[in-house]
Every structure is written in structure tokens, then in C-alpha cells.
Amino acid sequence: MTPHIQSIIHPAGIEAARISHLWWVMFGICAFVWLAVAAATLIAIRRGRHAASAATDRQASFAVASAGVASVIALVALLTQSVVTGRALDSIRTPDALRIQVTGNQWWWDVQYENPTPSLRVTTANEIHLPIGRPVAIDLLSNDVIHSFWIPSLQGKIDLIPGRLNEIWLQADTPGVYRGQCAEYCGAQHAKMAMVVVAEPPDDFERWLTANRASAPAPVTPEQERGKQVVERGPCAMCHTITGTLAGGHTAPDLTHIASRSSLAAGSLPNSPGYLAGWITDPQHIKPGNHMPPTGLNADELQAVLTYLETLK
Amino acid sequence: MTAHREAHPRLTENDPRLDADALERERRLLERTWAGGRGVIAWLSEVDHKAIGRRFIATAFAFFALAGVLAALMRIQLARPENHFLSPDAYNQIFTMHGTTMMFLFAVPVVLAMGIYLVPLMIGARAMAFPRMLAYGYWMFLFGGIFLYVMFALNIGPDNGWFSYPPLAGPAYSYGKRGDVWAQLITFTEVSGLVVATCLVCTIFKLRTPGMSLNRMPLFVWAMLITSFMVIFAMPSIVISSTCLILDRLVATHFFNQAEGGDPLLWQHLFWFFGHPEVYIIFLPALGMMSEIISTAARRKVVGYMEMILSMTATAFIGFGVWVHHMFATGLPQFGVSFFTASSIMIVIPTAIQIFNWIATIWTARRLQITVPFLYSASFFFVFIVGGLTGVMLASVPLDRQVHDTYFVVAHFHYVLIGGSTFPLLGAIYFWFPKITGRMMGDRLGRISFWLLFAGFNLTFFPMHLLGLDGMPRRVYTYPGAMGWQGLNLLASAGAFVIFVSLLVYLVNVAVSLRTGAVAGDNPWGAATLEWATSSPPPPYNFTPQPTVASREPLWHSELRPPAIVGLRPDDREVLVTYLLDAEPDHRYSMPGPSLWPFLAAIATSVMFVWSIFQAQGVVWGAIPVFITLVGWFWPTKGKARLERGVTGRLTARESVS
Amino acid sequence: MKPRMMMVLCGVTCVALMAACERETRRYKELPAAANRETGVRVSQLEPGMPQQPADVKSPYQENAWGISEGKRLYAAYNCAPCHGVNGGGAIGPALIDDMWIYGAKADQIYATISQGRPDGMPSFGGHIPTQQIWQLVAYVQSMAGEVRATTAAGRNDAQMGAVPESRQPAQTPIQTGHR
């Protein structure tokens, strides 16, 4: 991973850029204020030590009042900048935005790309692809406790509160891979509830969306077939969905296109066969307390499952 | 007895009640009347505000040490990415315990405790109002803290953060008794806080010595008065919310259950309506301490007495109107939250006025003495202001939506709490140590511990601003190595070690000074307020004769020679109750003496609270022992004239009231 | 303090420790084959000699709040609700909150019911879900009938209420009714 993929001062979208600009303005004013007060304190200490000031209390009060007025001016400047930024942030709303619905669970993100035609909807987990230059509206729900949806490179955060529907607007402008993370303490594995955000040109995005609408490809080799059998007959199908197979569980991330994702376990692990094997064997070792139990597969079964899952691009 | 007040009464040297022998006799009688006694029962029955204040301070600092150890464990875990020093469950318990201990068992009790010790001395009173209730407040605080840590040792320590949001902390997602332990700790500490605040308000309103009208009160006393009112108005909110949480968990109410008409956000509103004033409760007494210390070091009164009082009052009022700034990320309507942006920015102004007044005081000092307490107070201007300015940033909704729940906020509140309260507190301990113990703290060790703390604190918490800006969220037990956060985290952990060393040096200083520190006279700092007019440490009855005041800085204006009060009975715990505004004498009142009932009542209350976590009937059956102890407590005592008015209540220095 | 009083205090503390430790432990990391103590259900009432008392096997999560909470989560996740009712009140399948148990109320019997399945509609979950999850479900099912300590059982759901929460369910004496 490159650094600063989760940084609020390295924005990759217009909304985050507006906030980053606000940050720098506020930082500048506040730094100046701090330096002024620090200097005044040091000078005061020096003068006080030598009893050097002949100012009367009246003059002192006048100085205090002037400093107070200056403070108010500085605060008004900060408030104005904040209001201006707030209004600019709202200007992104548009009727033809891309709409996504994200549902927070302990401790993973369920992502659905909305579409009036149900067969064109895309379901994935822990990874969001966005077309650059297009406003995106994300509806946010929670299945259990309060989470917080936060992609610092693109926008501020907003909570996912059970029983409420919140909405966030953002737009990616710089292509790249960014990282988001849950930002409201949600239990044992709050620390490992991240997501990968891929901002790509609109054509690449449409290609990705189309590929993700497809069901899982049929297995080709016997090993893949055996893997599919283990998935359908074993514990995997109890919780996970792989469209096109008999695995139809709804309490865990959708695995139909798992092989094309760049991370596992909500951004905790890179997606490679070795890590996937470790995760399937003992998820509790990597993310203790998460809701996936050790699956109890033996070595052959595990190998078959891995072979099959690798075909799910 | 004559009942008129003479203009400018003076005590003459020939006044028979002021000759040395008579005073000595009176002192011995008073000593006997007011002394606490020896033995375990006497220790448990103590009602002297000074003894209780000392215990409160010592206990609060013990919790500070425990919370500090927990912080050290957290920093060890976070020093490296993907560290396995602490399991996730252990880390989540530890960060919850750290926050809960610091906020409920250290920060608030310690500032109230400074008030308990100092306020009666500063206002020239012999005792604090409702001494037995004060003792009860201490025992509830102690038992609450012991309860929490025993539960923590039994693996039932709370693990949902110090703010315990449902639905996570509710019955569906927080299993076992951990959440109930947290909620009940709140009950303990809030009972204690409310009780102490009530005592403080009544003391300040009714026991000030004649001459100390409201506009002659020391700024520290003003700070404690305003703080106590904040406690009284803020704490019921969290009592309500924690009670609702326990009810949801134990008896299936639906306060925070959306499906049955409740709302998780109700918790947040109720909690933060308390939670924000809570931090001002922690902050305001420190402002009072700073005023006294700076005034003494600068050898002049603080510039702008009225402005200081109005600023503290304004801060307190506005502090009740900013709570939603903790909820900017919840999706509340924009129009509503913008009000809270305005109020959160506005609240800076009174504190800024105070800061400028202090700087003006220092600027116009008459030979400023850079004592160790002054160093701690001066660091406020460098440390707190960073936190105050990041607070203004957090008041802006767009920026808060980015940095909320990140290490930026962790940095912010440590800068304001430690810079604004802990640094002044450590200076205040150093400053009033001679008064409390009779010995001076070591100057050299004091300076070493100060500079170590200043360096260590900034080393620990400044990098956290950068971590927050780089996207590191709060309350995470680990972080990925690829994010590039490990350098700053390691730096923060190293700084924590420096803080630890500095506090160790401070503790050594306290321990050594208690034994071999330079013996302090009545007023080693040359300060102005009344507590320095009596011996160090003060006798159990604080003053004899009871001084009156004619100015804001009584010890600096002794040429005014205000009269002293003589004639309060030495064979009874008598105090002089005065009127609210101008402290004119009202009547004499006989204070209750030592009593074991507060301790027993606290035990009964604690049993009831702990029992009710495990069984709902505990509230019912546990109330019976509480009732019994209260009956014992309030059983009328015979034979004492509890209330005796002088004729029309006006006493003069020359009147005999025996 | 007298030595005897010390010993009593230590004893009480140890007991409290043991009670509290287990309830509050989060047993995330269990070995896959832990506690696989399946015993058969006797399907015949005849036994040579006197009937044997069944071994008193308990779910390993009987005293574990986390385990019972997991059982509750799995009850919803594995679709037990459509047949047994959202709060265990029964639908096309039998109620779990009453005192009537067709195939036995003991922990090993409930384990067998879940793992093996039963005629007329109870699926066989053995092999499809790990044994530790079956034991969690066993403990939860017992809590629905009030068989678990009130301090360990789950509180109310964050949902529309239809029933008394498990922690307030009165304990009942189970009756083995047999299949009717």
C-alpha cells in the first residue's frame, strides 16, 4: 500500500479537497494565534520578572479588551470559512448520481449498487469501486450497532445507525486505490473493519460493474468442482452467498467475485491464496471475535475450496 | 447585649478576649472540641473537611496512577503495528477503564477535593456545610472506584468505551455484566459528585466570614461555586441515561431500542448533555487555581476581577449549549447542528478573555517569581491553547466530519484536559502542599518533574494530531503496518514513558518532602488569601479568632485591620452563618461532630447498588439497610442548642455571645 | 484481621472469581473439535435391567455469556426463527420456551436433535456448522426455557418485542413428551 491513502490532507475528490482547504485555512489562523499568545506570554514573563511595566490596570484592561476583539475577529473568520465550506460541500447533490447502499455489520461492509432493474444490481462486500468525476450518493444502514462510514480521501464521515437511514455524497476525482475504515467503536473488531475504495475511469468502472453482475462461473476442472461441492455441502453455504450455486447464506459477505477483490476480512489481509487459506482455517486467530468460526476443513477440502474460490473473479 | 453595628469597629490591644492567655485557653478548648480522635472508628467517623479533602486528593491520585498504568499498557500495544501484547478484548477493556477512571475517578473528584480542602479556609470558615454528607460523598467515591477495579480484576471490566453507546452497550450486543458495571459506577460517582457539590454551594453561600461579600471572594472560590452548579445541573443527565441503560439491559425497557420507539441517539444526547459540562467541570477549578498562583507569583491582584468571574460564568452557561458537537457525524439536520457550531466557537471567547487577563497580570507584575507552581501555570498558555484552537477546528462541521473519532480528537482533548487541568493541578498541589502538610516541596525535583512532563506530554500527544490527519481512527487495538503510522505511534509511546518518569519524580518529591521538606511558615509564598492566615497545617478549627475581611486580598491589605470575630463557643462546633450577598452575620450554628453513620450508609448504598446489577430486587431489598442507616444518621441528638440566634443576628467584635 | 476471616474471604473471592471469570470470558478461539461429546438418544424405552441415568452433560457454554449470545445470533442467522418462532414461541415447529421436549431437554439430547435432525422437518445441521456453534445453540435453546442463570442469559432483542427476554424467563421443569 502506498502511504497517505487514508489521509484527509491528501484528498482525491472534490469534497475532501474542500475540507482539506478548510483545514489549511484554519491551521494557518490558529497557528498565528498560538504564536501570538506564546510570544505575549514570554514577553510578559520577561517584563514581569524585571517589574518593567508601568501600565495601569486601566491600560491593562484596555489591552485585554483589544485582544478580545481581535480574538472575535479571528473566530468570525474561522466561522465564515467553515460556513462557506459547508455550503460548497452541499453543492455536489445532483439527480443523476450513482447510488450505492452500504449496510454496516459487525465487522464488515455490505455494498449494493442500486439500479431500478433488480437484475442489474451488484452486491459485493468490503470493496467499493467508483467512477471518477461522477457524484455518488451512498445510503447507509446498519444491521446491528452504530458504525461510521469514512473514506478520508473522498469525504467526511457519517454514522450508520440502526433504525435510521443516513446519506453521504462524495465524488472521486483522482484515480487510485484508497482506504476507508469504520470510525465509530463497534465492538471487538472495530479496528479491523476497513474497506478498499477503487476510483477508476468510467469505462473501467462500467466493465467492473458488468463483470460483477454475472453469476459465478461454472467449475471447469475436477478440483474446482470438488471445491464447489465442499462449499455447498459444508459450512460455507450456511452464511455466504455465491450466486449461481446453492450457497445462499445472507449473514456473511457475498463471495461471488471474491477472487477479484484486493483484500480479505474487511481490509485486514491481502487477498492471496496463502492468506485466504489461513483465514479459512482459523479466522479467530487473525480477527478474534469476528463471526466466522474455524471451518474444520481438512487439507484436501481446503485446497479444493481455494482452487474453486480462485475462479470467482 | 447591644444589637447595633458600629462603624469601623476596631479591636483594641486591650480587648480582654484577645490577650495571649485567653486566646491560648480558647485554642486548647477548640482543639479538643474539633479534633477527630484516634483509632479505626474515629478514622472512619471523620468529618473534618481537611481530613476528607486530603483523603479525596490521595484517593484520586491513586486512581490517576492506575489509569496511567492502563495508558502505558495501551501505548505499549500501539507502539508497533499488529502487535500481540494485548488481546483485542483486553485492549478494549483497558481503554474503557482508562477513560472511565480518568474522567470519573480522577479528574472530577480531584478538583472537587481541592475545593473541599481550600474553600472553607479561603472564606474564613471553621467547617464545611453538611460535614457528614461530605464524608458520605467520599466513601461513595472510594467504594465506587474499588467496585470498578475489583470488577475489572474479575474480568467484568467495562469494554464499550467511557461513553458506552447503545446499541453496542445495550442488552443485545454487550453480554454478561460488563455494561452494568459501567452504568453502576456512574451511579456511585454521580452520587458522590452531587453530594460534594451541594456541600460546596452551601458552604460558599452561607459560611463566608463577615466582610467577604460575593465580590470579595477569591477567584478560586468563585470557580468552585460555578463548578458546583455545573455539577448539580449536569450530573442528573447521566444518572438518567445510565439508569435507562441498566433498565434496558436488566428489565427489558426500550429506551434505546429503535424498533419499539426508543432511539440510540437519545443516549448520545443525554450523555453528552452531561459529558460536555463534565469537561468544563474539570477545567474551571483549574482556572481558579491558576488565578491564585499567578496572582501570588506576580505579587499583584489579577487584572479584571469582574471580567474573570463573568468569563467563568459565561463558560459554564455556554458549556451547556454545545453538546451536539460530539454528534456532528450522526446525520442530524444541518440547521440544528449549525447552532452548535456557533456556540462551540463562541465558548472560546470567555476563556480567551481570561487568558489575556492573566497575561496582563504577569506583564504588570511587581517582580514576578518564577516558582514551580508558576511554571505549571505558565505551561497552560502553551499547552491548553493548542487544545483550545484544535477545539475551534472541531467546532466546524465539515472539518469535524473528517477528524471526528480519530487521533486528532485524542490529541485535542488531552491537550485541553492535561494542559488546562492537570498541569495547573500539579502546580496547585505544589503551591498548597505547605499549607496542607506544613512542609515545602523540593524546588529542584519540582522543576525537573515539570520540564520532564512538559517534554513528555508534547512528545506523546503532538504526533497524535498528525496521526489523526493521516486517517488513524480511535479506539483501535492495532493498525496495519502498511499505513505508515508506526513511526508516530512509537514516538507517542516513547513520550508516554517520559511522562511516567516525570510523574514518578513528582511522587518522589512528595514523599521526600513529607519527611524532610523545609518547614513552612504560615505564608511561605506571600499570598493574599485567607487560608495563608492560619498555621501550616491549619488546626482542626481552622482559625481563631475568626478573621473578617475588608478587601479582596486580605493578607496584602492588613493595614485595613478588619475586626476579628470572637465569642463563638469553644466547647461546641459552632460556626457563624452569614447572609448570601454581603456576608453579614445571620446566626450561629452547631455543626455535627464525627459520626460513623456516613460510612455505614455508604456501605449500605454500595451493597444496594452492586446487588441491583445482579438482581433487580436488589433495589428493593437493598434499600432497607440504607433506610436503617439513614435513620441512625438523622436520629435527633438531645441537649445541644443547635440553632441560636443572637439578637437580630448582628454580632460585632466587641459583643460577647457566651 | 483474624486468619479464619482471611480464609473465608479468600474462599469467597475464589468462588466469585470462578463464577465471574467464566461468564465474562470471550471464548473466541476454540479448537474446532472441542467438546464433541455427542451421546445417543435412546429411541427405545426398554432397557435390560434398571434404566440408566443419562450422563449429565452440559453445554460448554452453559455459564458463558458470550457463548449464549452467539447462540442467539446463530438462532437468527441459521433461520431457526421461521419454524420455531422469532422468540422461540413456536410456529410450524415446536415452541422452545415451554417445558415440553419431544426429544429430551438435556444438553446432549438437544445437541443430538440439532446435529442429527429429527423427523417431520428438523434439518440435520451436523457437518454443516461447527460443533462449537451447535453447543452455543444448545446453551441458547436452554436459556429460552429458563434453564440458564439469569445473569448469564441474554437480555432483550433490539427488535420488536413479542416475548419475555431470556434472562427473565422463569425456570421450568422439562417434561419429555416423546413424539406424538
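Per chain, numbering begins at 1; letters A, B, ... match sequence-line order.
- If you measure heavy-atom distances from P264(B) to chain A, the contacts under 4.5 Å come from the side chain alone.
- Neither the backbone nor the side chain of A63(A) comes within less than 4.5 Å of any heavy atom in chain B.
- Only the side chain of I168(A) comes within contact range of chain B, with heavy atoms under 4.5 Å apart.
- Proximity to chain A is limited to the side chain of V303(B), based on heavy atoms less than 4.5 angstrom apart.
- Chain A forms the most heavy-atom pairs under 4.5 Å with one residue out of M327(B), Q369(B), R299(B), R300(B), and that residue is R300(B).
- Not one N or O on the side chain of D400(B) forms a donor-acceptor pair closer than 3.5 Å with the backbone of S396(B).
- Contacts of L22(A) with chain B are made by side-chain atoms alone, with heavy-atom separations under 4.5 Å and no backbone atom involved.
- H325(B) and F328(B) have perpendicular rings, their planes meeting at more than 60° on a 0 to 90° scale where under 30° would count as parallel.
- In this structure, F95(B) and Y185(A) have perpendicular ring planes: the angle between them is above 60°, well past the 30° mark.
- Here D263(B) is the residue among I355(B), D89(B), T341(B), D263(B) with the most heavy-atom pairs under 4.5 Å with chain A.
- Ring orientation note: the planes of W267(B) and W182(B) are tilted relative to one another, at an angle of 30° to 60°.
- Top candidate by heavy-atom pairs under 4.5 Å with chain A, chosen from R366(B), R474(B), Q334(B), is Q334(B).
- Taking the six-membered ring for Trp and thresholds of 30 and 60 degrees, W23(A) and F408(B) have ring planes more than 60 degrees apart, a perpendicular arrangement.
- Residue with the most contacts toward chain A among G331(B), G484(B), P398(B), P473(B): P398(B) (heavy-atom pairs, distance under 4.5 Å).
- Across G388(B), A259(B), A360(B), P88(B), the residue that shares the most heavy-atom pairs under 4.5 angstrom with chain A is P88(B).
- Only the side chain of N166(A) comes within contact range of chain B, with at least one heavy atom under 4.5 Å from a heavy atom of that chain.
- Between chain A and the options T361(B), T478(B), I370(B), the largest number of non-hydrogen pairs under 4.5 Å is found for I370(B).
- Note on ring orientation: taking the six-membered ring where Trp is involved, the planes of H291(A) and W107(A) are tilted (angle from 30° to 60°).
- Here the two rings, on Y407(B) and H465(B), have centers that are 6.0 Å apart or farther.
- With a 4.5 Å cut-off on non-hydrogen atoms, Q354(B) does not touch chain A at all.
- Between the side chains of Q189(A) and Q106(A), no donor-acceptor pair is found at a separation under 3.5 Å.
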